[in-house]
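All values below come from the heavy atoms of this structure, side chains included, with hydrogens, waters and symmetry mates left out. No experiment lies behind these values; they were computed from the predicted model shown. Along the sequence shown, residues carry numbers from 1.
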Amino acid sequence: MASYTTTSSSQSPRPPRPNLAFRELRGQRSPGEFAAAVRRAAREIGERVSCDARYVGRVEAGEIRCPNYAYERVFLHMFPGRSLTDLGFAPRSSVRGRGARATDEALPSRTTSPTYAPHETDGAHEPYETQDAQHACGTHNTYGMQDTYVTQGTYEYHDQNHEESDVQRRAFMTGGTATVAAASLGPLGLAFGGPAVAADRPVHRVGEAEAGALEEAVRQIRVLDDRHGADGLYRRAAAPLRAAYALLDAGATRRATAERLHSGAGELAISVGWLAHDSGRFGDARSHYAEALATARVAGDPALEAHAFCNTSFLARDAGRPREAVRAAQAAQRGARPLGSARLLSLLAMREAGGWAGLADRTGCEQALARAHALFDRGPCDADPEWMSFYGPAELAGLEAQCWSTLGDWPRAAHHARRAARLQDPHFTRNIALYTAELADDLARAGHPDEAATAGLRVLDLLDLVQSSRVQTMLAGTARVLLPHRRATGVSDFLERHGALARTA
């Protein structure tokens with residue numbers, strides 16, 4: 001076996017320089033208050049960024065030399081008339097793409113193994129089923145923003161691999177969804193080839209850089225799923241999850257870092273569980289959520305525990321275990337009350353409502369819905385978890401539509417589904433497809449086949465961008481309901497296109 005040299009991330013030849021200009025712009029606001037202002041500004045221009053106090057701290061510490069394109073738009077909106085350099089960031093050309101390669105080539109080689117060069121672990125080309133379009137990174141590259149090396153035994157992680165960023169851009173412009181996914185998820189810096197490979201790697205204490213890379217992997221998966229659905233991403237995300245728990249086993253030098261690792265690993269398990277859940281792999285999803293719950297209990301992390309119970313409740317509802325859905329949602333609410341987030345409690349009440357609907361308990365459902373709306377109306381706050389950025393008015397309406405649909409109140413369900421599709425940010429194609437598919441099904445069952453067909457055709461138009469078993473299953477149900485109405489306006493067109501899609505699949 002080749003000998004390996006482990007290099008600490010603290011020995012980087014390019015120590016970050018604090019971003020004093022950005023710190024000055026923050027003024028008297030705390031990092032958390034400033035992060036909340038960033039999220040509000042993002043909503044104003046139709047962007048969605050998962051900004052928290054930790055991100056603000058990393059910018060001010062100089063760890064993020066240049067923000068991704070979404071953050072750039074938000075910052076320039078917040079500070080009109082200023083450029084990125086005015087905000088203390090390095091020019092994009094100096095940290096990404098061809099302009100920076102000469103700099104990279106001049107750096108001392110840090111590859112720790114002759115077998116594994118940067119981004120060339122043997123897990124990078126595993127035969128996965130489909131690789132999703134969730135890496136639409138040409139316009140929203142949410143992850144090319146660290147300038148940090150993370151060395152984990154036999155591999156090197158460098159977020160700013162400029163050659164790879166060019167590959168991603170070319171893949172987005174010329175390739176299909178699978179190509180883009182492969183280009184983006186492979187070099188997360190957390191991709192081991194498999195358990196056997198991970199076991200052979202020398203163990204060392206991990207630090208802030210590894211914790212940051214793990215948190216970034218979670219953000220990446222969430223944003224890509226929001227845009228394109230889960231089907232192709234799930235198997236690709238398994239390697240980062242294995243690596244995350246390998247980092248936990250290696251241990252951290254500081255307690256704060258260990259807490260970040262536990263939280264990051266748990267959140268990653270939930271994210272991967274959701275990918276399994278949304279792509280119809282309920283058994284895998286249950287396992288991942290249980291793993292996250294165990295991690296939360298070990299770490300004594302009530303926020304992570306509430307998140308794990310939240311997703312467990314949603315899964316139980318979809319898997320036909322409504323009583324478990326109610327109990328898991330109630331457990332999540334007990335754990336979440338001390339956290340101080342009304343929006344989180346609103347979502348958990350909505351999860352409980354879904355369980356009551358599955359039990360055909362209309363009264364219990366209506367009470368939970370009323371509680372969810374009252375809590376939602378209190379508005380966002382700094383205590384809202386980063387992962388909840390998806391929970392806005394559109395999601396609230398979409399989840400309520402699902403409750404009424406389960407109770408068989410199709411007109412009411414259609415009303416809320418139509419509202420959800422109308423309110424959804426156009427950037428998030430997957431959710432638009434989901435809400436419109438819900439609308440099509442509700443209209444079909446409510447006796448409006450022509451309107452249902454129109455909505456169904458809109459969903460079919462989106463399926464080039466979205467790979468979601470959930471959406472496809474809903475469309476299949478709608479097609480079955482519409483079969484007796486094939487002579488209605490538009491229905492035959494919908495059935496023909498849906499049938500062709502099913503044959504192709």
Side-chain angles (χ1 to χ4, degrees), residues 9-97 99-100 103 140-150 158-160 162 165 207-209 211-216 218-220 223 254 256-257 259-260 263-264 340-341 379-386 388-389:
S9 58
S10 63
Q11 295 174 338
S12 170
R14 294 185 294 174
R17 296 179 182 177
N19 187 336
L20 301 180
F22 197 86
R23 173 62 187 90
E24 184 178 347
L25 289 169
R26 175 161 67 84
Q28 299 300 311
R29 289 174 288 187
S30 70
E33 291 169 338
F34 188 77
V38 172
R39 295 195 299 270
R40 285 195 297 271
R43 289 195 291 270
E44 290 171 3
I45 61 172
E47 285 291 352
R48 187 160 72 179
V49 295
S50 299
C51 187
D52 58 6
R54 188 173 295 142
Y55 178 87
V56 174
R58 291 177 61 215
V59 171
E60 294 179 358
E63 295 177 20
I64 298 173
R65 297 173 60 206
C66 184
N68 64 48
Y69 294 108
Y71 274 105
E72 177 182 354
R73 283 187 286 274
V74 175
F75 291 150
L76 297 184
H77 171 68
M78 293 177 70
F79 305 106
R82 299 177 189 257
S83 66
L84 280 182
T85 52
D86 294 332
L87 302 180
F89 293 108
R92 192 172 300 282
S93 60
S94 71
V95 296
R96 298 187 63 185
T103 303
H140 291 275
N141 183 351
T142 313
Y143 306 97
M145 55 189 185
Q146 289 175 300
D147 188 44
T148 306
Y149 285 94
V150 181
H158 183 203
D159 268 314
Q160 293 289 32
H162 312 297
S165 68
E208 295 291 320
L214 176 54
E215 291 159 354
E216 204 59 43
V218 175
R219 294 187 184 103
Q220 180 175 15
V223 170
R254 299 172 56 193
T257 304
E259 290 175 351
R260 285 179 64 187
S263 176
S341 170
C381 68
D382 290 348
D384 294 342
E386 180 182 352
M388 273 193 61
S389 57

Can a donor-acceptor pair be found, under 3.5 Å and without considering hydrogens, that links the side chain of R17 to the backbone of G62? no
Working for side-chain contact (heavy atoms from CB on, under 4.5 Å), residues Y55 and S50: CA-CA 9 Å; Y55 178 87; S50 299; over 6 Å; no
To the nearest 0.5 Å, what is the distance between CD on E24 and CG on N19? 10.5 Å
Do you know which two heavy atoms are closest between G32 and A53, and how far apart they sit? N-CB, 3.7 Å
Quick check: closest heavy atoms across R82 and L87, and the distance to 0.1 Å? CD-CD2, 3.8 Å
When rounded to the nearest 0.5 angstrom, what distance separates CZ in R40 from CD in E44? 8.5 Å
Taking every heavy atom of F34 against every heavy atom of L25, the minimum-distance pair comes out as CE1-O, 4.4 Å
Show the nearest heavy-atom pair for residues C381 and G340, with the distance to one decimal. SG-O, 3.6 Å
Between V49 and A70, the two heavy atoms sitting closest are CG1-CB, 4.1 Å
Do other residues, nucleotides or ligands put more than 12 heavy atoms under 6.0 Å from the CZ atom of R29? yes
Over all heavy atoms of both residues, which pair between A41 and H77 is shortest? Give the atoms and the distance, please. O-CD2, 3.7 Å
Rounding to 0.5 Å, atoms CG (D382) and CG (D52) come to a distance of 11.0 Å
Taking the six-membered ring for Trp and the single ring otherwise, decide whether the centroids of F79 and F22 are under 6.0 Å apart. no
Close side-chain approach of V59 to P67, heavy-atom, < 4.5 Å: no
First locate atom CG of N68, then atom CZ of R73, and finally report the distance between them rounded to the nearest 0.5 Å. 8.0 Å
